[in-house]
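Keep in mind the model is a prediction, meaning the values are calculated, not measured. Ligands are counted one by one from 1 in listed order, and the atoms in each one are counted from 1 as well.
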Amino acid sequence: MVNERYSRQTRFTPFGAEGQEKLSSATAVIVGCGALGTVQASLLARAGAGAIRLIDRDYVEESNLQRQILYTEADARDGLPKAEAARRHLLEANSGILVEAHIADLNPENAADLLADAGVILDATDNFETRYLINDYAVRAATPWIYGAAVGGYGIAMPVLPADSACFRCVYPSPPGGAQPTCETAGVLGPVTSLIGSLQAMEALKILSGRAAAVRRKIFTADLWHGPVRETSMPARDPDCPCCARREFTWLTGRRAPVSLCGRNAVQIHERRRPIDLTRLASQLEGLGEIRGNEFALRFRAGDYHLTVFPDGRAIVKGTTDIGVARGIYARYIGA
Ligand SMILES: [Zn+2]
């Protein structure tokens, strides 16, 4: 029996009741809960995807609200982790689905766990390193994934269907060199992230409803400010691609070093594996600076630096792009 809730969707013949049925038992994994991720998650939750797994390392800030459509001023005020804030709002929209929130940075050590059982993986990250990691996992596990990115008024989207289409490394053999524009340095407009997130969600809907044959195997690009909007054919698979041809999954086997969060004047430290008791840490830090927190993260301000510490030992040090300085702050307040 088809739920009245999804009647407008099942009436669309190519999707139909059978597509709905399949969708309701499928899992979508969304990597990143920023602008693209909130659009994808919102559409897939409302469409009735059986389970949505959200992975994000960051917390909601006021500057997110202009385009990250799930969040509210209260989320930013409370400094809620994005994955948790998104989970709550998605369940308000559809209580009949499962939503998992993972406050984590996708890395080679946790990728196999966090991406397991995905019917499709949606890219809503902001960096090439994580995309190569997703691509390695997806090709190895034969899981389809949808690449997407946006900056300024420009956006791009492309599906990767392992064994069936070119993979991400066939198309982009190595990360772009030099400084790239980011949403922080070059800005970004909400309509372009909503467009790209919607395109990604559409291809995900096809895959999760058993209609992968309908996926548009194209590279879509749009400059919504200056024009044009284009769709070009995907290149053929590279017969010598290190990933999908030679099956060398180097991004899955590497280790993550601390990273400077480009354009954000912040560094993420995630080399520590020992979990941290936030309540204990809060009492240790008492009197040393301003402390705010909730059960998901502790925020601590010392002079010009803002430190956000997560229970898994990860921290974001704001106020510097120097990895050495950030490590020093971490060691001083949290321990080496
Ligand atoms: Zn390839």
Worksheet item: Which protein atoms of type N, O or S are found under 2.8 Å from the Zn ion (ligand 1)?
Response: Cys167 SG, Cys170 SG, Cys241 SG, Cys244 SG
Worksheet item: Strictly under 6.0 Å, is that where the ring centroids of Tyr154 and Trp225 end up?
Response: no
Worksheet, complete the sentence: Sequence neighbours excluded, the answer for salt bridge (charged side-chain N to carboxylate O under 4.0 Å, His left out) partners of Glu18 is Lys22, Arg211
Worksheet item: Which class fits the ring pair Phe310 and Tyr59: parallel under 30°, tilted 30 to 60°, perpendicular over 60°?
Response: tilted
Practice prompt. Search all heavy atoms of Val151 against all heavy atoms of Val188 and return the closest pair with its distance.
Written response: CA-CG2, 4.0 Å
Worksheet item: Any salt bridge between Lys218 and Glu231, counting N to O under 4.0 Å?
Response: no
Practice prompt. Assess the pair Tyr132 and Phe168: is the distance between their ring centroids shorter than 6.0 Å?
Written response: yes
